[in-house]
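Take a look at the structure set out below.
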Amino acid sequence: MPQIVILASSSQIRSQLLNNAGVFHRVKNALIDEDGVKAALKLERRPPRDVADALADMKSRKISIQYPDSFIIGCDQVLVFNGELYSKPKTKIDMISQLSGMSGKTHEFFSSSVIYRERTPIWRHIGMAKVTLRDLSLKFIETYVEEGWDTIKDCTGGYKIEGNGVGLVKKIEGDYFSILGLPLLEIASFFETHGVLDKCK
């Protein structure tokens, strides 16, 4: 009987990446209070990588309770700029302001993934990437946000590097897939080791 893999996320790009790597899976969104968790961990002065890891763990654990026999992939990503943890911009004005502030400068992505089985965490990984944006004019940013709002409004960084957002980027250091919110190569290696790669239904 094939072993089931479930992605505890509604992210289309994460699901697509897993399929591309041969990790076929089901999708089950884990609804948690991300803003509340971030706020609590910030008060505890937890480092950004711990915040990403805690959120990924909560998502995986929640779905594992419902599907204990399956491999549950929980993942989350945070953006850090000038030492501050950033959340998804809520409005076009917020996004324009964020991109303007990051223009010509470097920000970091921490991307965590935790895999549960039988209600127990059996694997975790935190990837990191640094992204430097080009010097962007305010007019360019305003046009980019206005024209692309529907596709980028759920992006923590305010751009989709897998789309035309790559035009905003000057340099990448570290794991490219961490920018997309999923340490894909490490996850694929895990499932290859466990004999379920290309066998999940």
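Along the sequence shown, residues are numbered consecutively beginning with 1.
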Item checked: Residue pairs involving residues 166-180 (criterion side chain to side chain donor-acceptor pair (under 3.5 Å); sequence neighbours excluded) -> D175-S178

Notebook entry, point to check: For I122, does the CD1 atom have more than 12 heavy-atom neighbours from other residues, nucleotides or ligands under 6.0 Å away?
Noted result: yes

Notebook entry, point to check: Do side-chain atoms of R119 reach the backbone of P68 as a donor and acceptor pair under 3.5 angstrom?
Noted result: no

Next item on the list: Group every Ile, Leu, Val, Met, Phe, Trp and Tyr by side-chain heavy-atom contacts under 4.5 Å, then state whether I179 and M102 land in the same group.
Entry: yes

Show me the donor-acceptor pairs within less than 3.5 Å that the side chains of residues 148-167 make with the rest of the protein, sequence neighbours left out.
unit_1, atom_1, unit_2, atom_2, d
T151, OG1, G148, O, 2.9
Y159, OH, H107, NE2, 2.8
K160, NZ, T151, O, 3.3

Note to self: Same cluster or not: F110 versus V114, using hydrophobic residues (I, L, V, M, F, W, Y) connected whenever any side-chain heavy atoms lie under 4.5 Å apart?
What the structure shows: no

Notebook entry, point to check: Does anything in residues 54-67 pair up under salt bridge (Lys or Arg N to Asp or Glu O under 4.0 Å), and if so which pairs, sequence neighbours excluded?
Noted result: E34-K59, D57-R61, D57-R124, K59-D76

Next item on the list: Please name all residues satisfying side chain to side chain donor-acceptor pair (under 3.5 Å) with K92, sequence neighbours left out, ordered by chain then number.
Entry: E146

Item checked: Joint cluster assignment, L180 & M128, ILVMFWY side-chain distance < 4.5 Å -> no

Next item on the list: Show your reasoning for whether side-chain contact (heavy atoms from CB on, under 4.5 Å) applies to R14 and L7.
Entry: CA-CA 8 Å; R14 289 172 181 161; L7 174 63; 4.1 Å; yes

Notebook entry, point to check: With sequence neighbours left out, what residues match S112 under side chain to side chain donor-acceptor pair (under 3.5 Å)?
Noted result: D53

Next item on the list: Establish whether L182 and V5 are linked, either directly or via other cluster members, by ILVMFWY side-chain heavy-atom contacts under 4.5 Å.
Entry: yes

Margin query: I want to check something: taking the side chain as every heavy atom from C-beta on, are L79 and L85 in contact at a cut-off of under 4.5 Å?
Written below: no

Notebook entry, point to check: Are any of the side-chain heavy atoms of F109 and V78 separated by less than 4.5 Å?
Noted result: no

Next item on the list: For T132, enumerate each residue passing the side chain to side chain donor-acceptor pair (under 3.5 Å) test, keeping only those at least two apart in sequence or located in another chain.
Entry: T106

Notebook entry, point to check: From K28 NZ over to S10 OG, what is the distance, rounded to the nearest 0.5 angstrom?
Noted result: 12.5 Å

Checklist line | A56 backbone acceptor or donor facing S60 side chain under 3.5 Å | finding: no

Next item on the list: Quick one: list whatever passes side chain to side chain donor-acceptor pair (under 3.5 Å) with S111, sequence neighbours left out.
Entry: none

Next item on the list: List in chain and number order the residues that pass salt bridge (Lys or Arg N to Asp or Glu O under 4.0 Å) with K130, two or more places apart in sequence or in another chain; answer none if no residue qualifies.
Entry: none

Notebook entry, point to check: Do Y116 and P121 touch side chain to side chain, with heavy atoms closer than 4.5 Å?
Noted result: yes

Item checked: Partner set under side chain to side chain contact (heavy atoms under 4.5 Å, CB included) for S70, not counting sequence neighbours -> I4, I6, Y67, I72

Checklist line | Considering all heavy atoms, the nearest Q98-Y86 contact | finding: OE1-CD2, 3.3 Å

Checklist line | Donor-acceptor under 3.5 Å (S103 side chain, L99 main chain) | finding: no

Margin query: Counting C-beta onward and ignoring hydrogens, is there a side-chain heavy-atom pair between F24 and L18 closer than 4.5 Å?
Written below: no

Check: Out of curiosity, H125 NE2 to C75 SG, how far, rounded to the nearest 0.5 Å?
Finding: 12.5 Å

Item checked: Partners passing side chain to side chain contact (heavy atoms under 4.5 Å, CB included) against S87 (at least two apart in sequence or in another chain) -> D35, K38

Item checked: Worked check of side-chain contact (heavy atoms from CB on, under 4.5 Å) between I73 and F191 -> CA-CA 11 Å; I73 307 172; F191 284 115; 3.7 Å; yes

Check: Can I13 be reached from I172 by stepping across I, L, V, M, F, W or Y side chains whose heavy atoms are under 4.5 Å apart?
Finding: yes

Notebook entry, point to check: Can you tell me how far the CG atom of L184 sits from the CD atom of Q16, to the nearest 0.5 Å?
Noted result: 11.0 Å

Next item on the list: Using the salt bridge (Lys or Arg N to Asp or Glu O under 4.0 Å) rule, collect all pairs that involve residues 94-118, keeping only residues at least two apart or in two chains.
Entry: none

Note to self: Under the rule for salt bridge (Lys or Arg N to Asp or Glu O under 4.0 Å), what residues qualify as partners of R46, not counting sequence neighbours?
What the structure shows: E44, D50

Check: Heavy atoms, side chains only, cut-off 4.5 Å: are V23 and N19 in contact?
Finding: no

Note to self: Please verify the inter-ring angle class for F71 with F190; under 30° counts as parallel, over 60° as perpendicular, anything in between as tilted.
What the structure shows: perpendicular

Check: Are the side chain of S100 and the backbone of I96 linked by a donor-acceptor contact shorter than 3.5 Å?
Finding: yes

Next item on the list: Could you walk me through whether M58 and V37 pass the side-chain contact (heavy atoms from CB on, under 4.5 Å) test, one step at a time?
Entry: CA-CA 10 Å; M58 290 179 68; V37 174; 3.7 Å; yes

Note to self: Counting C-beta onward and ignoring hydrogens, is there a side-chain heavy-atom pair between M95 and K90 closer than 4.5 Å?
What the structure shows: no

Checklist line | Main-chain N/O of I126 paired to R49 side chain as donor or acceptor, under 3.5 Å | finding: no

